[in-house]
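Every heavy atom of this structure was used, including side-chain atoms; hydrogens, water molecules and symmetry mates were not. The first residue in the sequence is number 1, and the count goes up from there.
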Amino acid sequence: MDSFSEPRRKRNHHLIQPLFLSFCFLLSIFLFLNHFQYSCFHPYTHRSLLQPTPTPLQLQLHHRIQFPDHVLLTLNNPHRTLPAPTHLQCLFYTLLNHSSQPKPVFNVHVKPVLSTDRFDQIRSIVRCPLPNSNFSAVDLRRRGEAGGHTLVDLNNQTVLSWNNLAYEAELDGDTVVVFVKGLNLRPHRISDPSQFKCHFGLTGSENAAFSITTKALTVAQEVVRCSLPHTINNYNDKKGEGITVTVSHVTGHVRHPVREVMPSVARVHGYTPSNKNKHELCACTMVWNQARALSEWIMYHSWLGVERWFVYDNNSDADDGIDGVAKDLDSKGFNVSRVIWPWIKTQEAGFSHCVLKAKEQCTWVAFFDVDEFFHFPNKSGNRKNALRSMVSKFSSSNSVAELRTECRSFGPSGLRSHPKRGVSLGYTCRVGSTERHKSIVRPEMVDPSLLNVVHHFELKEGYVHRNIGEGSVVVNHYKYQVWESFKAKFHRRVATYVVDWQEDQNKGSRDRVPGLGTQAVEPANWRFRFCDVWDTGLRDFLLSNFADPVTGLMPWETSNHVSFIRKLITQVNPH
């Protein structure tokens with residue numbers, strides 16, 4: 001029996017082996033032909049047949065917004081990292097014949113990208129410089145992309161004007177706060193909300209049909225608060241986050257009113273669960289090309305007790321390096337968040353936005369600039385966490401919701417160039433009298449309108465502010481720096497209702513620099529101006545207590561920030 005079965009198994013083995021080899025050969029030919037066909041006709045194929053075919057980044061433009069000096073493009077790319085600016089090009093099309101022609105003819109201007117940023121969870125932004133001539137359409141392509149676009153669909157090329165736009169929306173409980181440019185409301189006043197409504201579109205696209213409407217609850221400057229519709233409130237577990245929203249308002253004559261619906265790029269954001277373990281003291285600022293000032297400002301005030309930082313980046317240049325500085329500080333334990341805020345001249349609205357963003361995380365929020373440093377003139381007051389300890393004393397108050405501190409404005413102090421060791425060490429001569437105050441507020445007690453004038457906020461009824469005397473604490477404002485630094489901010493100021501210096505308006509206002517005209521020309525003896533009192537108090541304290549005893553370096557001058565600052569904290573306050 002066994003001797004008979006063995007030859008049969010051998011014969012079957014000899015028959016199966018050739019069939020298996022033939023099948024493998026045919027399968028290889030089939031796979032090769034399919035791969036060859038894919039490689040020849042797929043539009044994004046790799047040249048080599050031996051390498052896998054990569055899929056390039058799909059740049060899906062969502063909105064185009066024209067600012068005075070650039071065009072902002074928003075892109076839908078929730079799952080990918082946007083290429084570096086050097087890998088992209090902006091295309092501006094000028095229509096040479098009539099748009100009704102079957103084959104429109106364009107003149108194409110190619111411009112380099114100014115910068116790119118990740119905007120939110122589903123969008124990125126690209127900034128393009130304006131061409132020298134008018135344009136009909138703008139698009140984006142990867143550098144080196146063959147041919148580019150030969151035809152442009154003008155129906156999908158709407159360029160929105162920054163002067164008339166709903167640009168941000170933030171959830172706040174069962175309400176939504178919409179930020180709108182172009183309402184032209186009276187500054188520093190709360191307006192009548194009965195003339196305003198919010199409109200919601202469930203699709204979340206640029207052509208959304210705004211089918212749900214609610215009335216406005218409060219309106220002030222560029223901020224409109226509306227109730228959130230019940231249908232959207234229950235839309236998902238994040239209360240409709242990502243839905244498109246806009247604002248309408250009544251215009252025209254009283255007898256013939258017209259309701260104008262604003263164009264919108266605003267999507268609802270900001271759902272955050274309640275955080276019971278709040279930071280006692282946070283800080284919020286808005287910057288433009290201030291990367292070199294960030295480390296000194298954050299490290300010093302972290303020592304004073306600031307635990308959380310919201311840095312609103314208002315269109316800094318790509319070569320400023322602020323993203324790298326913010327990430328480096330955050331990685332070293334300083335708890336820094338860079339908030340992309342591409343909306344120019346909206347500081348008041350940005351601070352209103354920050355109140356909403358910080359409310360669930362912070363008991364107090366200080367609003368001040370990177371050239372402003374809190375200082376305790378009394379030597380006994382200069383101690384670790386001094387600022388946080390000061391605000392904590394008022395945390396249990398039933399009425400105090402804002403602390404205001406006077407400012408001392410420092411001048412160039414005779415310097416010719418920016419002080420390499422930082423402004424707190426370099427500028428030591430100031431104006432004799434104090435100027436405008438800076439505020440630290442309790443965000444939960446800010447008025448629902450979120451009205452502010454940069455320096456302070458409107459508070460809820462029943463709450464008050466408290467002035468802190470300059471003998472206890474003061475803000476050193478390094479306002480009038482060396483001309484090379486001051487000139488950099490001459491052409492654009494971030495506040496909405498403060499004119500730029502080159503504009504011929506409000507010449508007698510405190511918002512203007514005494515003796516400075518409307519041209520970016522250095523006044524005579526600039527470096528010796530604004531110098532009534534030599535004040536070295538903060539400088540002397542920093543040199544005595546913060547400098548490394550061996551190298552003499554300050555914490556912001558060394559790469560080992562965390563270990564260094566822990567060391568100096570122990571030295572200043574060993575207990």
Side-chain angles (χ1 to χ4, degrees), residues 42-47 53-120 122-165 167 181 205-207 263-265 267 313-320 323 340 342-344:
H42 193 276
Y44 301 116
T45 185
H46 194 282
R47 290 185 179 182
T53 303
T55 302
L57 174 67
Q58 301 298 310
L59 303 176
Q60 300 175 355
L61 265 66
H62 194 209
H63 288 110
R64 301 159 175 85
I65 308 165
Q66 184 170 347
F67 289 85
D69 59 354
H70 70 281
V71 174
L72 181 74
L73 308 178
T74 66
L75 287 76
N76 283 341
N77 64 326
H79 304 299
R80 295 181 183 271
T81 301
L82 195 65
T86 53
H87 296 164
L88 298 172
Q89 291 178 322
C90 303
L91 305 178
F92 290 90
Y93 297 87
T94 302
L95 186 64
L96 299 181
N97 61 350
H98 200 275
S99 59
S100 62
Q101 297 294 323
K103 292 185 178 181
V105 179
F106 295 96
N107 186 20
V108 182
H109 301 274
V110 180
K111 289 284 187 178
V113 167
L114 294 173
S115 63
T116 62
D117 265 312
R118 184 72 175 177
F119 188 36
D120 54 37
I122 59 176
R123 290 179 294 176
S124 292
I125 55 175
V126 175
R127 300 178 182 91
C128 296
L130 287 176
N132 296 328
S133 58
N134 293 331
F135 59 93
S136 308
V138 58
D139 218 328
L140 190 68
R141 74 177 181 191
R142 288 174 293 277
R143 183 180 292 274
E145 189 174 61
H149 300 269
T150 55
L151 293 176
V152 174
D153 183 2
L154 293 179
N155 293 324
N156 294 321
Q157 281 282 339
T158 302
V159 179
L160 301 171
S161 171
W162 168 236
N163 296 323
N164 191 53
L165 188 68
Y167 56 93
K181 199 77 172 177
S205 69
E206 60 180 317
N207 297 316
S264 177
V265 298
R267 292 189 177 184
D313 184 1
N314 193 212
N315 273 351
S316 294
D317 296 338
D319 58 358
D320 179 60
D323 186 48
I340 306 302
W343 320 115
I344 64 173

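Note that the OG1 atom of Thr116 and the NE2 atom of His87 stand 10.0 Å from one another [nearest 0.5 Å]. With values rounded to the nearest 0.5 angstrom, Leu114 atom CG is found 9.5 Å from Asn315 atom CG. A distance of 12.0 Å separates CD of Gln60 from CG of Leu140, quoted to the nearest 0.5 Å. Cys90 contributes atom SG, which lies 11.5 Å from atom CZ of Arg64 (distance to the nearest 0.5 angstrom). Summarising the geometry, atom CH2 belonging to Trp343 is positioned 4.0 Å from atom CD1 belonging to Ile65; distances are rounded to the nearest 0.5 Å.
Residues Pro85 and Val113 come closest through the heavy atom pair O-CB, 3.7 Å. Of all heavy-atom pairs between Phe67 and Leu72, the closest is CE1-CB, 3.6 Å. Scanning all heavy atoms of the two residues, the minimum distance from Lys181 to Trp162 falls at CG-O, 3.2 Å. When every heavy atom of Leu130 is checked against every heavy atom of Val71, the shortest pair comes out as CD2-CG2, 3.5 Å. A pairwise comparison of heavy atoms in Lys111 and Pro129 identifies CB-CG, 3.9 Å as the closest pair. In terms of heavy atoms, Tyr167 sits closest to Val265 at CA-CG2, 3.8 Å.
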Quick one, Gln66 with Val138, criterion side-chain contact (heavy atoms from CB on, under 4.5 Å). Give me CA distance, side-chain angles, the key distance, then yes/no.
CA-CA 10 Å; Gln66 184 170 347; Val138 58; over 6 Å; no
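Legend: residues meeting salt bridge (Lys or Arg N to Asp or Glu O under 4.0 Å) with Asp120, ordered by chain and number and at least two apart, are Arg123. In this structure, the side chain to side chain contact (heavy atoms under 4.5 Å, CB included) partners of His109, at least two apart in sequence or on a different chain, are Phe92, Thr94, Asn107, Ser133. Contacts of Val110 classified as side chain to side chain contact (heavy atoms under 4.5 Å, CB included), with partners at least two apart in sequence or in another chain: Gln89, Leu91, Val108, Arg141. Qualifying side chain to side chain contact (heavy atoms under 4.5 Å, CB included) partners for Ile340, counting only residues two or more places apart in sequence or in other chains: Asp117, Phe119, Ile125, Arg127, Arg338, Pro342. Take Ala318 and apply the side chain to side chain contact (heavy atoms under 4.5 Å, CB included) test, not counting sequence neighbours, and it matches Ser115.
The side-chain heavy atoms of Gln157 and Ser136, taken from C-beta on, include no pair separated by under 4.5 Å. The closest side-chain heavy-atom distance from Asp313 to Asp320 is not below 4.5 Å.
Arg143 places a side-chain N or O within 3.5 Å of a backbone atom of Thr86 that can act as its donor or acceptor partner.
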